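Following: one structure in structure tokens, then a few remarks.
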Amino acid sequence: MKKINIVTGHYGSGKTEFAINYALKLKESHGSSVICDMDIVNPYFRTNDAVSFLKNEGVSVIAPEYANTNLDLPSLPSDIISVFSENSPPSVLDVGGDDDGAIALGQFYPYLSKEDYEMFFVINALRPDTSSADGIIKLIKDIEYVSRCKVTSLVNNTNLSYLSSVKDITDSISLIDEVSNLTGIKVKYISGKEDILSKLPEELKEKLFPLKLFMQLPFDAFA
Amino acid sequence: MSKVLMKGNEALAEAAIRAGCRHFFGYPITPQTEVSAYMAKKMPKIGGTFLQAESEVAAINMVYGAGGAGVRVMTSSSSPGISLKQEGISYIAGADVPCVIVNIVRGGPGLGGIQPAQSDYFQATKGGGHGDYHLVVLAPSSIQEMVDLTSDAFDIGDKYRCPVMIMGDGMLGQMMEPVEFKDADVSNLPEKTWATTGTGMKRKKNIINSLFLEASELEKLVLERQERYAEIAKNEVRYEAVDVEDADVVLVAYGTTSRIAKTAMAKAKEMGLKVGIIRPITLWPFPFEAFNNALNGKDKKFLCVEMSTGQMIEDVKLAVGDKAEVHFFGRTGGIVPTPKEILNKIIELGGAK
């Protein structure tokens with residue numbers, strides 16, 4: 001695992017769920033981790049929603065001061081810079097959706113260019129704009145262009161929210177493989193709800209990354 | 001077509017395009033901006049017009065013009081932006097121009113906040129702009145229903161020559177859900193003989209206008225319009241009623257709040273309480289019939305749940321009259337009620353321990 005882990009993708013790909021789970025995994029393997037909410041695009045449903053859970057789990061959260069308030073201000077917290085210091089624990093940068101969100105990453109290029117970072121691109125093949133190889137590759141290129149960083153791994157997070165099925169994932173495998181072949185970027189993980197992943201064929205097992213879901217709607221849960 | 005995962009705002013925009021909307025005029029505002037963003041991306045690719053106007057006032061007047069020329073046209077905004085559009089909406093209603101207006105409601109009054117709310121119910125159903133007019137107001141509770149109602153909104157607008165509003169709260173605009181688009185055939189829509197499409201020197205010119213120099217002429221038209229509203233009230237009322245007949249407590253809620261209410265209702269049933277729900281889908285015309293049906297059976301109490309300090313409750317009271325108690329639970333200012341809070345209120349009314 002790399003020290004700096006950037007999570008990008010189309011909005012609605014499940015980036016934030018993946019980012020939160022990856023931060024928890026880093027915490028487990030390294031004793032501590034940091035997650036940065038760098039989303040300057042979405043007003044609702046963001047890393048900051050899970051902040052108390054993450055802090056309890058020992059994951060530090062760096063989030064815009066005004067996240068989830070009524071101030072719709074696309075500013076980033078200055079302490080993001082701390083993740084590049086030598087003493088920082090491994091970190092996850094949860095970047096906003098699309099190239100619009102990835103613009104916020106560009107300013108860290110001077111630091112990132114000196115780091116051996118991981119940059120995930122999370123794909124949900126059931127989102128209309130990322131349901132074809134052309135659509136996915138265009139978005140990868142757009143995000144790479146504005147962020148000046150290179151995507152290093154693909155994450156297949158194909159899902160239909162509460163209607164997700166095993167078939168959704170198996171149907172997407174050939175498309176994501178095609179993207180991988182055309183771009184030379186490897187598919188590192190297939191992520192999703194644990195009960196669905198456990199039913200996937202044996203040959204995919206080594207790539208599985210089960211997710212605990214955090215972005216709940218108020219009518220989903222009875223707390 | 002199979003299901004895809006979409007954000008409410010983009011699904012709404014796609015549904016409008018599939019309903020034959022090729023003209024969109026808007027101005028960005030959270031939490032509705034993705035409607036405009038989606039239209040900006042898609043319209044140029046399909047030969048449509050997307051225009052980001054200089055203001056909401058300009059956008060609604062562009063809608064007025066395009067609708068008057070007979071095309072399917074939409075605009076969208078959120079609460080403060082909808083307030084700005086009211087003058088244009090009144091003119092559109094006064095000129096009998098069909099169009100679709102989307103309000104993805106946020107906290108108010110004033111600039112309020114960007115979190116979800118339902119506090120524009122009065123504005124949407126009781127006028128908003130000046131004059132004797134109504135908007136047909138559709139209130140979906142899921143993204144699928146929002147997609148289906150978008151297509152209906154254009155049909156209703158064309159059929160009765162009136163502006164139609166789709167009202168969702170910020171959550172409905174921002175959340176993601178699986179959705180399926182049913183391909184409607186919009187290639188053969190009825191001709192709009194009243195529209196300003198050019199006379200071709202073959203007919204008298206059509207005029208789109210809301211100014212009348214003779215009071216008697218204006219009164220005649222306003223009364224004719226009232227007859228059309230009566231037709232709408234007769235034909236277009238929509239609601240969902242679940243387990244109402246046997247209920248001790250009937251919840252009344254619309255939009256995403258109805259889904260939170262249903263979660264509370266399921267829990268209450270587990271506890272042995274008899275709870276039902278009436279979910280208005282058309283906020284205007286209001287589904288009075290659902291309440292008449294509910295009042296025919298045994299005695300019950302009504303609990304209106306809203307993301308406001310109580311606006312729809314006035315229509316609920318009008319529907320119920322003195323035949324039953326009407327209670328209220330609401331959160332406002334961008335706070336979403338929890339199922340637990342609603343359950344507590346049900347228990348309080350239902351008398352269970």
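Everything quoted here is computed from the prediction, not taken from an experiment. So that the names make sense, note that chain A is the first sequence line, chain B the second, and so on, each numbered from 1.
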B:E177 and A:L160: CA distance, side-chain angles, deciding distance, side-chain contact (heavy atoms from CB on, under 4.5 Å) verdict: CA-CA 7 Å; B:E177 283 197 302; A:L160 261 184; over 6 Å; no
A:I81 atom CD1, neighbour heavy-atom count above 12 within 6.0 Å: yes
Heavy-atom pairs under 4.5 Å with chain B, option from A:P128, A:S131, A:A125 with the top count: A:P128
Other residues, nucleotides, ligands: >12 heavy atoms within 6.0 Å of A:K141 NZ: no
Exceeds 12 heavy-atom contacts within 6.0 angstrom, atom CD of A:E203: yes
Partner chain A: residue of B:A261, B:A266, B:G107, B:G170 with the largest heavy-atom pair count (under 4.5 Å): B:G170
Qualifying residue, where the test is side-chain hydrogen bond (donor to acceptor under 3.5 Å, both in side chains) with A:Y11 and the options are B:E10, B:E34, B:K7: B:E10
Heavy-atom proximity to chain A below 4.5 Å, by part of B:T33: neither
Any side-chain heavy-atom pair of B:R259 and A:L217 under 4.5 Å: no
Side-chain touch A:F219/B:S258, heavy atoms, less than 4.5 angstrom: no
Heavy atoms from other residues, nucleotides or ligands near OH of A:Y109 exceed 12 (cutoff 6.0 Å): no
Residue A:K188 excluded, over 12 heavy atoms near NZ under 6.0 Å: yes
Atom OH of A:Y145 with >12 non-hydrogen neighbours under 6.0 angstrom: no
Residue, of B:E14, B:K262, B:K41, B:M6, that accumulates the most heavy atom pairs under 4.5 Å with chain A: B:M6
Within 6.0 angstrom of A:K205 NZ, more than 12 heavy atoms from elsewhere: yes
Pairwise distance CE(B:M175) to OG(A:S161) - rounded to 0.5 angstrom: 9.0 Å
Pairwise distance NZ(B:K3) to OG(A:S165) - rounded to 0.5 angstrom: 11.0 Å
Chain B contact via A:N159 - which portion, at a heavy-atom distance below 4.5 Å: both
A:K186 atom NZ, neighbour heavy-atom count above 12 within 6.0 Å: yes
